[in-house]
Amino acid sequence: MNNLLIPSSTALRVGTRALLRLSSTSAANSNRIWIGRSAFRTQSPARIRKLTRDFCSRSVPDVRRLAETARITLTPEEIEEVGPKIQQVLDWFGQLQAVDLENVEPAIRADTEGDNLRDDVPEVFENREAIIAAIPSYEEPYIKVPKVLNKE
Amino acid sequence: MASTLCRVIQFHTHHFFSSPAVLFRRNKAGMMYCTMKSTQSPDATRELKMPQAKVAPDNYRKLDKVTEGFEAVIGLETHVQLNTVTKAFCSCPYSYGSQPNTNICPVCMGLPGALPVLNAKVIECAVKLGLALNCKLAFASKFDRKQYFYPDLPKGYQISQFDIPIATGGYIDVDLPLEFGGGHRRFGITRAHMEEDAGKLLHTGNSSFSQVDLNRAGVPLLEIVSEPDMRTGVEAAEYAAEIQRLVRYLGISNGNMQEGSLRCDVNVSVRPIGQLEFGTKVEVKNLNAFSAIGRAVDYEISRQSLLYSKGQGDEVVQETRLWDEGSQKTVTMRKKEGLADYRYFPEPDLPEVILTEGYVEKIRQSLPEIPEAKRRRYEEMGLGMQDVLFLANDISVANFFDTTVAKGVDVKLAANWIMGDIAAYMKDEKVSIGEIKLTPDELAELIKSIKDGTISGKIGKEILFELIAKGGTVKGLIKEKDLVQITDAGEIEKMVDQVISENPKQVEQYRGGRTKLQGFFAGQVMKMSKGKANPAILNSILLEKLNSSS
């Protein structure tokens with residue numbers, strides 16, 4: 001569940017990454033569940049449940065399409081392998097729909113005490129070398145990437 | 001995503017235009033209306049010279065023919081880079097022009113486990129701008145993740161605000177440049193929200209690789225979305241110029257277009273006059289100067305109008321086009337395949353942004369006079385519109401003027417000195433008003449010294465340039481150079497007598513009817529007094545002497 005919401009930390013894991021794309025691949029309504037609290041507030045609880053149900057009870061995911069929107073390449077074997085796994089997670093979400101949330105405010109994030117802000121005071125990260133060393137393709141002083149001009 | 005691509009292209013526009021054949025396959029006839037040469041100076045020097053956004057006026061006459069019967073609907077999206085010391089969500093310092101990839105840390109590099117913490121200054125800037133744009137503030141707004149794929153965005157998403165922006169529903173007042181007929185306009189502001197910038201991509205040569213500099217990744221931006229309230233290129237350009245003025249007045253951004261601190265994307269659609277629904281919207285990017293905004297918009301209006309009037313309206317498609325400064329045209333960058341799907345969802349790593357009444361009120365109290373208020377105040381002071389627009393254009397010029405006037409000198413005189421000799425000097429030497437040695441106090445002193453007759457206007461002008469270039473005080477210079485005006489009639493009379501006695505031939509001619517020679521005598525006396533003789537006294541004595549036939 002957590003992985004679903006924090007793609008940055010798991011960005012390279014195929015399964016979770018592809019899952020994120022699910023919301024975009026078919027039913028237009030499905031996006032709404034990610035829009036946030038205000039979207040929830042303006043929808044009736046019944047409507048929200050239906051939206052979420054639609055999202056989760058969709059037919060078998062099109063893994064090939066998901067991979068494309070996630071900009072990852074999968075071998076036919078991987079597609080075979082990942083499809084059922086994604087379906088499993090979807091089914092799990094389907095189970096979650098059974099929980100009665102009628103009187104529960106949607107939780108977007110863990111609540112923190114007060115605001116969590118910092119002053120505009122610079123602090124240089126001291127281990128830049130480690131970051132640079134971890135970049136797969138680096139040519140001083142730039143990060144080198146395949147040319148992706150005008151490709152969207 | 002869209003704005004990122006634009007940024008990318010700014011560096012290497014030629015890449016797209018390398019094949020002339022594709023430039024205007026779609027519409028050959030439309031081009032003839034739009035090949036006018038730019039008469040603009042480079043934007044870098046424009047700011048001081050021209051107080052208002054400039055678009056060559058002769059564009060309009062040509063446009064009239066094609067666009068008759070059509071109305072354009074224009075809206076702008078403006079990104080303002082904030083001048084905070086650190087980035088939006090991490091403590092990395094940011095300064096334009098740093099060595100690539102030096103201002104980075106795990107947060108802005110999107111490394112696993114790194115968590116963002118919002119810079120309080122970003123909220124302050126957003127509230128300032130929101131208030132100055134007469135917006136309604138959201139006392140509880142939030143951040144969202146906008147997903148897209150591009151190498152300038154290490155996290156794979158941009159932290160932005162989606163459905164609850166910090167500011168909504170405001171407006172901005174604009175005075176159109178006088179050379180386009182002037183006039184006051186009010187344009188609606190749909191929203192303004194906080195977000196982070198992406199890195200920079202460079203595409204060099206024919207290599208199959210691009211270079212990425214992530215120094216700018218995570219730098220705070222405010223995105224301002226206007227209502228589709230503009231109808232001409234001039235209005236669009238002036239709206240953008242006013243946003244620049246506003247952020248500079250507020251001190252939240254340097255508003256520099258060349259450095260990319262102020263970036264504008266323009267949406268243009270055209271519809272037959274009287275039609276209620278909007279025409280197909282085209283987005284134009286790569287606008288690096290206000291003049292480019294005006295010209296790109298007018299180009300689009302004529303291009304689209306022409307297609308509609310030829311019954312080829314279906315060729316106006318929803319797409320992103322780039323302004324090409326070289327050819328003065330817009331060219332297709334990419335066609336939109338449905339709405340971009342950014343899969344927004346709430347940023348779980350950041351708490352809601354909560355504002356309190358007290359906080360907002362404190363900022364409201366501290367807001368400086370905004371450009372519109374300044375212009376209206378200058379107008380009430382009795383200044384003409386040309387003066388008003390010039391003085392209020394640049395916050396530092398306006399401050400200089402305000403400080404000078406606060407010393408109790410005549411408003412119009414102060415305006416004339418600043419807009420005349422001082423502005424000319426700044427233009428010639430390419431310096432800003434903050435860089436000249438003359439202070440507002442000394443300008444006030446100079447104006448007073450002329451007014452009370454201590455020095456002549458001519459001398460005043462002479463020492464002005466010394467004050468600008470070398471500094472010093474008016475009193476000091478007057479004393480040092482012995483410049484005090486001679487108002488002693490007896491002393492002037494002596495000099496007049498001497499000049500008359502030394503030029504008997506001219507005296508004869510004068511008395512013979514060549515009265516124009518008075519100027520010659522006055523000049524001689526002035527020369528003798530080293531410019532210090534009071535001109536009024538000099539002339540009255542001179543006339544008396546010349547006309548008395550002794």
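Reckoned from all heavy atoms, side chains included, excluding hydrogens, waters and symmetry mates. To find a chain, count down the sequence lines: A is the first, B the second, and so on, and within it residues start at 1. As the structure is a prediction and not an experimental result, all values here were calculated from the model.
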Spacing of NZ belonging to Lys121(B) relative to CG belonging to Asp119(A), to within rounding of 0.5 Å: 10.0 Å
Minimum-distance pair of heavy atoms, taken over all atoms of Arg118(A) and Val117(B): NE-O, 3.1 Å
Under 3.5 Å side-chain donor-acceptor pair for Asp120(A) and Thr86(B): yes
Chain A interface, residue from Pro100(B), Pro154(B), Pro93(B), Ser208(B) that has the most non-hydrogen pairs under 4.5 Å: Pro100(B)
Reported CD1-to-CD1 distance for the pair Ile143(A) and Ile104(B), which is rounded to 0.5 angstrom: 6.5 Å
Contacting region of Pro106(B) [heavy-atom separation from chain A under 4.5 Å]: both
Region of Val145(A) in contact with chain B, defined by heavy-atom distances below 4.5 Å: both
Largest heavy-atom contact set with chain A, pairs under 4.5 Å, which of Val122(B), Asn119(B), Asn103(B), Val107(B): Asn119(B)
Which atoms of Glu124(B) approach chain A - backbone, side chain, both or neither, heavy atom under 4.5 Å: neither
Heavy-atom proximity to chain A below 4.5 Å, by part of Ala140(B): neither
Toward chain A, the part of Thr84(B) with a non-hydrogen atom under 4.5 Å: both
Heavy-atom proximity to chain A below 4.5 Å, by part of Ser207(B): backbone
Ring-face cation contact, Phe209(B) with Lys147(A), 6.0 Å cut, 45° max: no
Toward chain A, the part of Leu350(B) with a non-hydrogen atom under 4.5 Å: backbone
Pairwise distance CD(Glu126(A)) to SG(Cys105(B)) - rounded to 0.5 angstrom: 10.5 Å
Pairwise distance CD1(Ile354(B)) to CG(Leu117(A)) - rounded to 0.5 angstrom: 10.5 Å
Interchain contact, Tyr94(B) with chain A, by part (heavy-atom threshold 4.5 Å): neither
Region of Arg128(A) that comes under 4.5 Å of a non-hydrogen atom in chain B: side chain
Close side-chain approach of Val121(A) and Ser91(B), heavy atoms under 4.5 Å: no
Reported CG-to-OH distance for the pair Asn101(B) and Tyr142(A), which is rounded to 0.5 angstrom: 8.5 Å
Residues, nucleotides or ligands: over 12 heavy atoms within 6.0 Å of Glu361(B) CD: yes
